[in-house]
Protein chains: 2
Amino acid sequence: MPVAEPLSRERVLDAAMGIVEADGIAALSMRALAAQLGVAVTAIYWHVGNKAELLAALVERIGTDVGDIRTTGRTPEQRVASTARSLLQSIDDHGALVGLAHQHGRLALVFAPARAAIAEAFSDAGLRGAALVDATNAVIQVVAAYSLTESVMSRSPVQRTDAVRLWDGPPPIDALAAKRLHQPVDTERTFQALLQAVIRGLLR
Amino acid sequence: MPVAEPLSRERVLDAAMGIVEADGIAALSMRALAAQLGVAVTAIYWHVGNKAELLAALVERIGTDVGDIRTTGRTPEQRVASTARSLLQSIDDHGALVGLAHQHGRLALVFAPARAAIAEAFSDAGLRGAALVDATNAVIQVVAAYSLTESVMSRSPVQRTDAVRLWDGPPPIDALAAKRLHQPVDTERTFQALLQAVIRGLLR
DNA sequence: ACCTGAACACCGTTCAAGT
DNA sequence: ACCTGAACACCGTTCAAGT
């Protein structure tokens, strides 16, 4: 039988990452972590300080895991859109970890590779200086919007999709639009529409 | 001296709302709530069931509080932009409560009044049907992006604004843009740029 | 240097008991 | 119908004690 591997900061973080990915952040308690590692709860404190430091260390690990992005397409427009979609997919695949990064104000870490790729694409499209920066940050903001509302929301325990009444009397807009506005938002469609509008608007 | 008012669901929710607004969601424990009300912890359970139901009830209250929006401006473009900014201000003023609504998947409740106002403005601009719905949802998505990244983020305990390296070698974009991209994002500026780009892109 | 066990001050929740 | 107090199973964290 194998000799028991000694406890280390690496092993603690690996186990913590495993619990978060498997059962969510709520399942990550110091006691559960200790049980997983077959060790006394207090042993963990020697390696990672306390729970806040443990979470912070986990967040710093996320960048490399989640930031793995693919950029495709011939035109700059296509490359911006494909990068945004790739980032969104990656965020979706690592929901709990991204939520953790969000809570620690470290979303920039997750978005960095995509930011670089999008800046390059906009540069290819002829944007320079402040206009390039604004365009890049705007697209990232759009992806953040979608990932933080839709994907994070759909992972939350409670799910409420019933619509909210928008007008008391007859809607002051056309009937078809009014009907659709009262149905649940098709977030995927909205994301596509928003992304296209932003890219169009940013490239004049 | 006044006779002690009997405990009621209303009084429990009022006290809970007070704690959340004063000290944040983390400060809202059943025991703290009981202490605030001068009552045994278990008395609360008779009126609100449990903590999950209490939070859900709080979220349903938020709509009316946060959704109070002002729309100004002559042109439809101005009215869309002013509504978005007014919503953003309101979200900023009720950070903890909006965070609560977010966790319960009930952001739609908070956004409803602004959604109606924006739909009217876009309708005035000539949009109809699916295009009107897409435009309305897209603008709401933008406000959600900004409020959930910037305002909610800036309220989180940990604050990290140091930049993340985007390229290992020389940046493949112009020097000014590269320098700016490595500085902390001016989220207010990005919000304005994004909002303008979206409105432009959506109105052809 | 690394790990354990007891202890402390917190949680949310249940339940029998009171009025 | 409404409220209390004791109790249970959880938390994160500290600290003296072991090797």
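Bear in mind that the values here come from a model prediction, so they are computed numbers and not experimental data. In what follows, chains carry the letters A, B, and so on, assigned in the order in which the sequence lines appear, proteins first and then strands, with residues in each chain numbered from 1.
As judged by a 4.0 angstrom heavy-atom cut-off over every strand, A:Thr42 is placed among the base-contacting residues.
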Problem - Derivation of the side-chain contact (heavy atoms from CB on, under 4.5 Å) call for A:Leu97 and A:Met17 - result: CA-CA 8 Å; A:Leu97 291 174; A:Met17 198 83 114; 3.7 Å; yes

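What separates CZ of B:Arg9 from P of D:dC3 is a distance of 14 Å, to the nearest Å. Rounded to whole Å, the distance from CG on B:Leu28 to C1' on C:dC11 is 12 Å. The distance between atom OH of A:Tyr45 and atom P of D:dC11, rounded to the nearest whole Å, is 11 Å. If you measure from atom CG of B:Leu37 to atom P of D:dT4, you get 10 Å, rounded to the nearest angstrom. For the pair B:Lys51 NZ and C:dC11 P, the interatomic distance rounds to 9 Å; values are reported in whole Å. In this structure, B:Ile44 places its CD1 atom 14 Å from P of D:dG5, rounding to the nearest Å. Atom CG of A:Leu33 and atom P of D:dC11 are 11 Å apart (whole Å).
Judged purely by distance below 3.5 Å, without hydrogens or angles, the side chains of B:Asp93 and B:Gln89 pair a donor atom with an acceptor atom.
For A:Trp46, the listed nucleotide lying nearest its side chain is C:dC2; candidates were C:dC3, D:dC3, C:dC2. Closest to the side chain of B:Val39, from the set C:dT13, D:dT4, C:dC3, is D:dT4. Of the candidates C:dT4, C:dA7, C:dC11, the closest approach to any side-chain atom of A:Arg31 belongs to C:dA7. For B:Leu7, the listed nucleotide lying nearest its side chain is D:dC3; candidates were D:dC3, D:dT13, C:dT13.
Residue A:His47 places at least one side-chain N or O under 4.0 Å from the OP1 or OP2 atom of C:dC3.
Along DNA chain C, the nucleotide nearest to B:Asn50 and the one nearest to A:Ser8 differ in position, and the one closer to the 5' end is contacted by A:Ser8.
Taking both residues in full, the closest heavy atoms of A:Trp167 and B:Ala116 are given as CZ2-O, 3.4 Å, listed atom of the first, atom of the second, then distance. Closest non-hydrogen pair, A:Val59 versus A:Leu109, comes out as O-CD2, 3.5 Å.
Pairing of D:dT19, defined by two Watson-Crick or G-U wobble distances under 3.5 Å, is identified with C:dA1. If you check C:dT14 for Watson-Crick or wobble pairing at under 3.5 angstrom, you find it paired to D:dA6.
From B:Arg79, atom CZ reaches atom OG of B:Ser86 across 14.5 Å, with rounding to the nearest 0.5 Å.
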